[in-house]
Amino acid sequence: MIKISFPDGAVREYESGTTSMDIARSISEGLARNVLSASVNGEVWDASRPIQEDAAIKFYTWNDKEGKSTFWHSSAHLMAEAIESLYPGTKFGIGPSIENGFYYDIDTGDRVLSSSDFAKIEAKMKELAKQKNEYVRSDVSKADAVAYFEEKGDEYKLELLEGLDDGSITFYQQGAFTDLCRGPHIPDTGKIKAVKLLALAGAYWRGDENRKQLTRIYGVTFPKQKELTEYLELLEEAKKRDHRKLGAELELFMFSEKVGAGLPIWLPKGTALRTRLEDFLKQEQIKRGYQPVITPHIGKKELYETSGHWEKYGEDSFRPIHTPKEGEEFLLKPMNCPHHCEIYGHKPRSYKELPVRFAEFGTVYRYEQSGELHGLTRVRGFTQDDAHIFCTPDQLKDEFLNVLDLTMHVIKKLGYENFTAQISLRDPENTEKYIGSEENWNRAEQAIIEATQEAGLETVTELGEAAFYGPKLDFMIKDALGRRWQLGTIQVDYNLPERFELEYVGSDNQTHRPVMIHRAPFGSMERFIGVLIEHCAGKFPLWLTPEQFAILPISDNQIPFAKEIEQELSVHDIRGYIDDRTESIGRKIRDTELKKIPYMLIIGEKEAESGKVSVRKQGEGDQGTMSVSEFISYFKELL
RNA sequence: GCCAGCAUAGCUCAGUUGGCCAGAGCAGCUGAUUUGUAAUCAGCGGGUCGGGGGUUCGAAUCCCUCUGCUGGCUCCA
């Protein structure tokens with residue numbers, strides 16, 4: 001007998017060799033029906049795998065992240081089975097579960113798959129699911145595993161086997177399909193009731209662009225048809241929030257084929273929004289001792305040779321600009337920091353003036369591969385809310401904490417709650433990607449780790465995500481479709497001051513090297529606003545929105561009164577316009593609702609006579625009537 | 001850049017297997033209507049079917065190529 005302990009602390013005895021499924025069944029049939037996998041001593045196992053010794057056990061169902069991931073991983077196998085049966089000879093790469101579903105990378109040889117094949121594959125998957133085939137786990141020796149895939153001619157699985165140790169290799173088989181797999185899997189395919197293949201994409205084998213590109217098929221499955229329907233509706237809803245769609249509808253920005261891909265053009269309303277956002281940060285920075293500076297959009301190639309950017313990115317960038325007579329070479333500015341280093345270095349600096357903080361909304365241009373461009377979130381020209389702080393090593397931690405405070409202030413002001421703070425460090429396996437000494441890197445990485453700990457910030461750490469000159473603290477926020485974007489960033493840099501030979505004279509009358517902090521709370525105005533649009537579905541915070549009200553006269557007779565109100569509101573810095581079209585009030589309301597103008601002031605004969613306005617809130621409806629001054633104080637309360 | 005897909009009026013979309021002057025709704029313009037909380041009515045204008053090349057008696061439709069866009073991959077100072 002073995003002792004099985006449960007999450008609630010209970011301990012029960014079972015025969016050795018019992019399975020989680022047996023245990024679940026001993027508790028209730030309902031539980032047994034829902035169990036997809038189970039944690040056994042902290043490891044996720046098949047529910048059907050025999051347990052031989054005392055264990056702490058926890059069941060996973062569709063309501064657990066682990067249960068879903070087991071379900072989707074098994075679904076990937078089911079899809080592979082369907083594909084193998086429809087297209088014999090297909091070779092298989094890897095097929096994991098992901099955040100929302102699963103994918104499988106396959107090599108179909110000369111056959112080109114396209115999304116028009118999805119229906120056929122889905123139908124086959126459903127047919128195979130109905131057979132309720134069990135997922136059968138078996139231990140296989142490395143030699144047998146190699147023999148199996150050699151026989152099958154699957155070089156991808158053979159390559160995966162190379163990295164595995166004999167004795168740790170398992171196969172899973174369901175129906176006619178056998179795969180090299182660590183598991184775990186759900187009990188049988190019958191649990192998969194709803195199937196949808198979503199997308200097809202090329203994906204390089206093992207993520208290496210020099211290797212063969214496989215076909216990746218993304219899909220999602222559910223235990224109930226209804227859940228699939230709901231999920232697809234959710235995707236439709238998310239599409240409505242897409243900043244590219246809303247940006248066009250609300251006339252915030254545009255792109256032009258003639259101007260060029262990835263070069264956003266800001267329309268008047270988008271500019272109003274962006275300017276307000278910039279002004280907010282500019283004022284905040286003045287309060288915190290930043291000095292605004294302005295630098296040119298181009299700089300000599302030598303500048304970026306000094307900084308290291310040319311060596312690191314030059315070959316894959318926009319080509320240099322040449323002067324026609326002198327033959328000088330200039331680059332479109334890809335970063336503001338080299339310019340700011342020059343500002344620091346233009347005169348001798350004393351420790352007494354440190355820290356100095358140069359701030360600039362600097363527009364930079366970077367070549368991005370055409371396939372990477374994406375609305376406002378991945379572009380070739382964008383404006384960073386950049387600043388560089390030059391300080392003594394002693395001041396570094398305080399300065400970092402000040403920047404962190406400013407960044408959190410910005411994030412909170414815009415109402416982001418679900419952000420991730422990511423510490424981006426060097427890739428220890430690949431240190432030649434970075435400039436600067438081991439010592440400088442260690443100091444910079446330590447500074448970030450210590451400061452975030454001191455601030456009590458919850459962070460995740462990613463290796464290999466650092467900039468080439470220093471580690472970063474990045475703030476990541478998800479867009480409507482769950483894609484994660486880096487917005488704000490704070491970077492500690494010991495290396496550029498060295499490259500630019502920046503100095504200050506200390507109290508000891510000796511020259512010292514300053515430390516530099518690169519920081520951008522928004523990151524880029526373009527990306528920030530893109531994500532903001534999706535975050536608030538185009539309904540911007542009142543202080544930020546381009547137009548705060550629309551006055552809707554019921555007939556032309558109320559236009560003079562409308563003008564009086566507009567005048568009075570503008571005195572109080574409340575911005576908006578009069579819809580003076582000769583249209584029905586129903587039409588005016590509808591159009592204003594669709595433009596997501598927060599407040600509608602409806603005035604008819606009654607209001608004009610009594611000097612009041614009928615207030616309607618976007619998305620919520622009639623709020624009743626009030627005098628103009630009452631509206632002004634009501635409105636100001638909301639700012 | 002790579003893989004797959006898409007590109008018809010300002011926008012959203014029709015346009016059967018290649019075949020009469022390429023259609024609709026919304027938007028726009030003109031006129032009428034002066035309206036009480038999400039679309040008043042009528043009339044009119046608008047497209048070299050993304051650009052270029054080819055196949056064909058004939059191309060929005062088939063082929064090639066370029067550009068742009070979508071979803072991924074790689075990349076992201």
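Residue numbers start from 1 in every chain, and the chains themselves are labelled A, B, ... in the order their sequence lines are given, proteins ahead of strands.
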- Message: From the set B:rG5, B:rC3, B:rG1, return the single nucleotide nearest to any side-chain atom of A:Ser114.
- Response: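 Of the candidates, B:rG5 comes closest.
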- Residue A:Ala201, side-chain atoms from C-beta onward, closest of B:rG5, B:rA77, B:rC3: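 Within the option list, the nearest is B:rC3.
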- Message: Can you build the contact string for nucleotides 26-39 of chain B? Use B for base contact, S for sugar-phosphate-only contact, and - for no protein heavy atom under 4.0 Å.
- Response: -S-----BBBBBBB
Side chains of [X] and [Y] only: does a donor on one sit below 3.5 Å from an acceptor on the other?
X	Y	result
A:Thr90	A:Thr108	no
A:Gln491	A:Tyr469	yes
A:Thr295	A:Glu360	yes

- Message: Go through it in stages, so that I can follow the logic: the residues are A:Gln618 and A:Thr592, the test is side chain to side chain donor-acceptor pair (under 3.5 Å), and I'd like the CA-CA distance, side-chain angles, deciding distance and then a yes or no.
- Response: CA-CA 8 Å; A:Gln618 200 271 346; A:Thr592 316; over 6 Å; no
- Message: I want to confirm an ordering. Mapping A:Ala467 and A:Tyr204 to their closest nucleotides on RNA chain B, which one lands closer to the 5' end?
- Response: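 This one resolves to A:Tyr204.
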- Message: On RNA chain B, compare the nucleotides closest to A:His374 and A:Pro334; which residue's is nearer the 5' end?
- Response: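 On the 5' side of the pair lies A:His374.
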Write down the distance separating the [atom1] atoms in [N] and [M], rounded off to the nearest Å.
N	M	atom1	answer
B:rC44	B:rC57	C1'	38 Å
B:rG51	B:rC13	C1'	23 Å
B:rG1	B:rC11	P	25 Å
B:rU17	B:rC73	C1'	37 Å
B:rU61	B:rA22	C1'	12 Å
B:rA9	B:rU48	C1'	13 Å

- Task: Please report the closest heavy-atom contact between A:Lys588 and A:Asp579, naming both atoms and the distance.
- Result: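 Nearest pair, atom of A:Lys588 first, then A:Asp579: NZ-O, 3.2 Å.
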- Task: Of all the heavy-atom pairs spanning A:Arg426 and A:Ala466, show the shortest one and how long it is.
- Result: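 What the structure gives for the nearest pair is N-CB, 3.8 Å.
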Look at all strands and tell whether [X] reaches a base, only sugar-phosphate, or nothing, counting heavy atoms closer than 4.0 Å.
X	result
A:Lys472	sugar-phosphate
A:Arg244	sugar-phosphate
A:Tyr218	sugar-phosphate
A:Arg483	sugar-phosphate
A:Gly207	sugar-phosphate
A:Val112	sugar-phosphate
A:Phe255	nothing

- Presence of donor-acceptor pair under 3.5 Å, side chain of A:Arg380 and base of B:rC76: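 For A:Arg380, whose side chain was compared with the base of B:rC76, there is no donor-acceptor pair (under 3.5 Å).
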- Task: Spell out yes or no: do the side chain of A:Glu368 and the base of B:rC76 have one donor N/O and one acceptor N/O closer than 3.5 Å?
- Result: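 No, the side chain and the base share no sub-3.5 Å donor-acceptor pair.
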- Task: If the plane angle is over 60° it's perpendicular, under 30° parallel, otherwise tilted; pick one for A:Phe419 and A:Phe475.
- Result: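 Rings of A:Phe419 and A:Phe475: tilted, 30 to 60°.
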Could you check which nucleotide pairs with [N] in any of the strands shown, counting Watson-Crick or G-U wobble with both distances under 3.5 Å?
N	value
B:rC62	B:rG54
B:rU17	none
B:rU40	B:rA32

- Item | For A:Asp107, the option from A:Lys157, A:Lys212, A:Arg211 that meets salt bridge (Lys or Arg N to Asp or Glu O under 4.0 Å) |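 Testing A:Asp107 for a salt bridge (Lys or Arg N to Asp or Glu O under 4.0 Å) against A:Lys157, A:Lys212, A:Arg211 leaves exactly one candidate, A:Lys212.
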- Message: So is the aromatic ring of A:Tyr313 stacked onto the base of B:rA77, judging by whether the centres are under 5.5 Å apart and the planes are under 30° apart?
- Response: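 Stack criterion met.
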